[in-house]
S.K.: 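I am attaching a structure below and will ask some questions about it afterwards.
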Amino acid sequence: MVKQPDENPYITSPDTDFTPTESLNPDTAREQAQLLREAIRYHDFKYYIENNPVIADRTYDKLFNRLQTLEDTFDLSTPNSPTQRVGGKPVDSLPDVEHIRPMLSIDSDGDSAAVRNWANRVSKDIGDTQRDISFFCEPKFDGLSVEVIYENGTLSRAATRGDGSVGDDITENVKTIPHVPLRLRGEHPEYLAVRGEIYMPRDGFQKLNKERMESGKDPFANPRNAAAGTLRQLDPSTVAERPLSCFFFDVLAIRETEQWATKPVETHAKLHENLPNWGLRTTELASHVESIEEAIAYRDDLLDQRDSLNYEIDGIVIKVNDRSLCEELGATSRHYRWAFAYKFPPRTEETILREIIVQVGRTGRLTPVALLDPVDVGGVTVSRASLHNPAQIEELGVGIGDKVKITRAGDVIPQVTDVLEHQGSQYQFPDRCPACGSPIERDGPMAFCTGGMACDRQLVRAVTHYASDAGLDIEGLGEQTAKQLYEAKLIEDGIADLYAISVQDLTGLDGWGTKSAKNLLDAIESSKSPPLSDFIAAIGIRGVGPTVAQDLASEFTTFDAFMNATQEQLKAVEGIGQKTANTIVEFFDTEHNQTEITRLLNQGVRPEPAEQTVSAELDGLTFVFTGALDQYTRDEAQELVESHGARATSSVSGNTDYLVTGDNPGSRKISDANENDVTQIDEDQFLTLLEQESVLTSSEY
């Protein structure tokens, strides 16, 4: 028998000084576990449904932990215990289930005239002028519609809307959502199928996106996509970690008991009042109105409140209040005739800035990113936008909570361009790296982390770059593999960890067999004797790409000589200015980087000394290549001219002598060449030039 609240010692001022479990007998443990389950369900109802908690969070946690301990120690776990919200076992797929009753859509429009026309059709279809028609209005939640079924008061099944007739079985996932009761409260029908909307609160959505971006994952576009993607996860424990909530708003099917009457669902207004009595959460913003004009006014009022709510709504739903009239009105094959959605206009260009996160790039560059309430910009939903650098934040004076204007640069990259309304103080850019805590260094408008190779946030990108074509070209080691190695803690301290990974380490990870593990480790081992220029480019010195690395390798010939070069020696190299020289010296002066270089050398990495250029037929010339060549790849053409004394750069400037154009050349490089009066030659002219300078003979091409 269930004890009343005043008989349960864990409801009012609960004593959490529990007797040690080893001193309990099984019967006492079973009784205490039952009392704790009832108490926790009561406290869940007060917290999640009534928004009126009666105990402190710490006390609740102690009750919950005690129940979990009892269930584990005495094997007392039950399918609908509150402890089961942590998520069940992963599944291979989500099976299809047929709905108890079709879950139809609702006709919608954003024009008030369409709303009035719908109301006139309703009156005409009913035909009885003596019957008063009132309406029930509630927010139109921008989430995922679900069917939830309770049998004998216990949650037995939950499913997505799907095509309206058949949906995905998401029972185990829905059980993890605190706002969905595992058992109904009070007197309830023996069978109840209800319709609800699962959504992700705005603050939870922003927190989740912040965590995803900080871990190098793409953020969700909007809360609805985040909720939908979460509910379709195959591992309920993943769902349990995501911030999902739910509102209930309709009864799809009901079976009475002798003691239970249908009165609570005669109207939508009564249904709204009674759903919470069963523990089913409803919105506090719903309203019973007497006319369609009042419904239109309700929509306009809710539009004004839209930005202050902690969940996304995209309009209101207007229902005929009398549910018996709803049955008479019926439905088309697609939507209910007794309901209409009066939509809000989409947010365009103007939105609220909710959070600013600072991303750390491969070279340590810190880029602030604004997390936004999703907004439509040029037909694309935008939930984040670039703030470029600290200087732009200072120029805009932007802060958390500000109303801002968003544009898409070149119709691609969203950016904050103006602050329309200030809500607080300007955002203060951090003075230490958010990833590793190292001091931040300003370089003009930009900011950089000084942690170098020791910065965790830079590590995955640093490893990816180290193994890329621009680095040591380690086959099989791309960004996804680097992330997997990092998450498995096989690379923790730096790039040098790559050389300590074993076959056993890799075969313990998903997707790795012995052959693929050996292939990767062979590729890593083969990278221990790289050309000096590749190694210089691979270690990630800011501003030192493959072309600059080639110049440095040709000048200093050994890594030791390069590492110990002075600023004056570096500036003497063609193409190396004061800024790049300073960056190189600072890189090797940083203790973290010194340690990592030493670790790489201790692992047996030995860059091969570079041969000084022995041929100088093209000395003093600078080439840029664009488009596809027939005789050479772009890399081969660059290596060819560099081996004969020329420089090959990636962009056109006033110092460029020749722009060599192949098929489908880049329009930007052509434009820059025209602007800087740079000579443009095609591949045949390039080969003729090489022949004239005795680099090639005609028989060689």
S.K.: Can you name the nearest heavy-atom pair linking Pro434 to Val360, along with the distance?
M.R.: CG-CG2, 4.4 Å
S.K.: Ring centroid separation for Tyr150 and Tyr191, is it under 6.0 angstrom?
M.R.: no
S.K.: Donor-acceptor pair, distance only, cut-off 3.5 Å: does the side chain of Asp169 make one with the backbone of Thr171?
M.R.: yes
S.K.: Please determine if Asp373 and Arg202 form a salt bridge, counting it only when a charged side-chain N lies under 4.0 Å from a carboxylate O.
M.R.: yes
S.K.: Let me see the working for Asp322 and Ser324 under side-chain hydrogen bond (donor to acceptor under 3.5 Å, both in side chains), right down to the final yes or no.
M.R.: CA-CA 6 Å; Asp322 189 326; Ser324 64; 2.5 Å; yes
S.K.: Between Ser245 and Ile198, is any pair of side-chain heavy atoms under 4.5 Å apart?
M.R.: no
S.K.: Counting only N and O atoms by type, is there a donor-acceptor contact under 3.5 Å from the side chain of Asp301 to the main-chain atoms of Ala297?
M.R.: no
S.K.: Look at the side chain of Asn8 and the backbone N and O of Leu35, then say whether any donor-acceptor pair between them is shorter than 3.5 Å.
M.R.: yes
S.K.: Check whether the ring centres of Tyr42 and Tyr10 lie less than 6.0 Å apart, and answer yes or no.
M.R.: no
S.K.: Distance only, no hydrogens: is a donor on one side chain within 3.5 Å (strictly under) of an acceptor on the other, for Asp107 and Tyr336?
M.R.: no
S.K.: Using a distance-only test with no angle check, is there a side-chain donor-acceptor pair under 3.5 angstrom linking Ser237 and Asp235?
M.R.: yes
S.K.: Any non-hydrogen side-chain atom of Arg354 less than 4.5 Å from a side-chain atom of Ile400?
M.R.: no
S.K.: Just by modelled atom types, is the Val239 backbone N or O under 3.5 Å from a matching donor or acceptor in the Asn173 side chain?
M.R.: no
S.K.: I'd like to know whether CD of Glu98 has more than 12 heavy-atom contacts from other residues, nucleotides or ligands below 6.0 angstrom.
M.R.: no
S.K.: Ignoring hydrogens and angles, state whether a donor on the side chain of Thr83 or Gln68 is under 3.5 Å from an acceptor on the partner side chain.
M.R.: no
S.K.: Please confirm whether Arg195 makes a cation-pi placement over Phe248, using NZ or CZ under 6.0 Å from the six-membered ring centre and within 45° of the ring normal.
M.R.: no
S.K.: Measure the CG-CG distance between Asp314 and Leu303 for me, rounded to the nearest 0.5 Å.
M.R.: 11.5 Å
S.K.: With side chains defined as the heavy atoms from C-beta onward, is the minimum distance between Thr282 and Leu280 less than 4.5 Å?
M.R.: no
S.K.: Please check: side-chain N/O of Ser81 versus main-chain N/O of Thr78, any donor-acceptor pairing under 3.5 Å?
M.R.: no
S.K.: Between Arg255 and Glu190 (side chain of the first, backbone of the second, donor and acceptor by atom type, cut-off under 3.5 Å), is there such a pair?
M.R.: no
S.K.: Are the charged groups of Arg232 and Asp168 less than 4.0 angstrom apart, N to O?
M.R.: yes
S.K.: Is a donor on one side and an acceptor on the other found under 3.5 Å between the side chain of Ser383 and the backbone of Ala221?
M.R.: yes
S.K.: So which atom in Leu104 and which in Ala331 form the shortest heavy-atom distance, rounded to 0.1 Å?
M.R.: CD1-CB, 3.4 Å
S.K.: Between Glu266 and Arg323, is the closest basic N to carboxylate O distance under 4.0 Å?
M.R.: no
S.K.: Is the closest side-chain heavy-atom distance between Met200 and Leu208 below 4.5 Å?
M.R.: yes
S.K.: Nearest heavy-atom pair of Leu76 and Ala33: which atoms, and what distance?
M.R.: CD1-CB, 4.1 Å
S.K.: Is Glu350 paired with Lys403 through a side-chain N to carboxylate O contact shorter than 4.0 Å?
M.R.: yes
S.K.: Taking side chain as C-beta onward, heavy atoms only, is Ile318 less than 4.5 Å from Trp118?
M.R.: yes
S.K.: Take Leu192 and Val251 through the side chain to side chain contact (heavy atoms under 4.5 Å, CB included) test and state the conclusion after the steps.
M.R.: CA-CA 7 Å; Leu192 180 68; Val251 167; 4.0 Å; yes
S.K.: Could Glu38 and Arg41 be called an ion pair, given the rule that one side-chain N must be under 4.0 Å from one carboxylate O?
M.R.: no
S.K.: After noting the C-alpha distance and the side-chain angles of Leu36 and Arg66, does the key distance pass the side chain to side chain contact (heavy atoms under 4.5 Å, CB included) rule?
M.R.: CA-CA 8 Å; Leu36 286 167; Arg66 175 64 170 187; 3.6 Å; yes
S.K.: Working to the nearest 0.5 Å, report the span between CG of Asp44 and NE2 of His179.
M.R.: 9.5 Å
S.K.: For Ser156 and Glu151, run side-chain hydrogen bond (donor to acceptor under 3.5 Å, both in side chains): C-alpha distance rounded to whole Å, both residues' side-chain angles, the deciding distance at 0.1 Å, then the answer.
M.R.: CA-CA 6 Å; Ser156 62; Glu151 298 183 77; 3.1 Å; yes
S.K.: Show, in sequence, the C-alpha distance, side-chain angles and deciding distance for Ile100 and Ile149, and conclude whether the side chain to side chain contact (heavy atoms under 4.5 Å, CB included) test is met.
M.R.: CA-CA 9 Å; Ile100 296 302; Ile149 297 175; 3.4 Å; yes
S.K.: When rounded to the nearest 0.5 angstrom, what distance separates CG in Leu271 from CZ in Phe136?
M.R.: 8.0 Å
S.K.: Where do Lys207 and Glu355 land on the salt bridge (charged side-chain N to carboxylate O under 4.0 Å, His left out) test, with the steps shown first?
M.R.: CA-CA 9 Å; Lys207 182 181 179 183; Glu355 180 68 85; over 6 Å; no
S.K.: Going by distance alone, is a donor N or O of one side chain under 3.5 Å from an acceptor N or O of the other, for Thr230 and Arg242?
M.R.: yes
S.K.: Could you measure the distance from the OG atom of Ser105 to the CZ atom of Arg161? Nearest 0.5 Å is fine.
M.R.: 5.0 Å
S.K.: Would a 4.5 Å heavy-atom cut-off, applied to side chains only, mark Val463 and Val460 as touching?
M.R.: no
S.K.: Any donor and acceptor pair, going by atom type alone, linking the side chain of Thr160 with main-chain N or O of Val146 inside 3.5 Å?
M.R.: no
S.K.: Would you tell me whether Thr464 and Glu479 have side-chain atoms, one donor and one acceptor, within less than 3.5 Å of each other?
M.R.: no
S.K.: Quick one: closest heavy-atom pair of Val180 and Leu155, and the distance?
M.R.: CG1-CD1, 3.6 Å
S.K.: Any chance you could measure Leu244, atom CG, to Thr176, atom OG1, to the nearest 0.5 Å?
M.R.: 6.5 Å
S.K.: Ignoring hydrogens and geometry beyond distance, is a side-chain donor-acceptor pair present between Arg337 and Thr332 at under 3.5 Å?
M.R.: no
S.K.: Less than 6.0 angstrom separating the ring centers of Tyr311 and Phe141, yes or no?
M.R.: yes
S.K.: Less than 4.5 Å apart, any side-chain heavy atom of Ile55 and any of Leu63?
M.R.: yes
S.K.: Return the minimal non-hydrogen interatomic distance between Arg306 and Ile313, and the atom names on each side.
M.R.: NE-O, 3.5 Å
S.K.: Side chains of His99 and Ser165: do they bring a donor and an acceptor to under 3.5 Å?
M.R.: no
S.K.: Let's go through Arg183 and Trp278 carefully: what are the C-alpha distance in whole Å and the side-chain angles of both, what is the deciding distance for side chain to side chain contact (heavy atoms under 4.5 Å, CB included) to 0.1 Å, and is it a yes or a no?
M.R.: CA-CA 9 Å; Arg183 290 188 58 83; Trp278 298 326; over 6 Å; no
S.K.: Can a salt bridge be assigned to the pair Arg101 and Glu327 using a cut-off of 4.0 Å between side-chain N and carboxylate O?
M.R.: yes
S.K.: Could you check whether any side-chain heavy atom of Ile40 comes within less than 4.5 Å of a side-chain heavy atom of Tyr60, counting everything from C-beta outward?
M.R.: yes
S.K.: What pair of heavy atoms forms the shortest contact from Ile406 to Ala385, and how long is it?
M.R.: CD1-CB, 4.2 Å
S.K.: Is the closest basic N to carboxylate O distance between Glu197 and Lys140 below 4.0 Å?
M.R.: no
S.K.: Would Gln484 and Trp512 count as having a side-chain donor-acceptor pair, cut-off 3.5 Å?
M.R.: yes
S.K.: Looking only at the aromatic ring of each residue, does the gap between the centers of Phe135 and Tyr298 stay below 6.0 angstrom?
M.R.: no
S.K.: Report the distance from atom CG of Asp505 to atom CG of Leu485, rounding to the nearest 0.5 Å.
M.R.: 9.5 Å
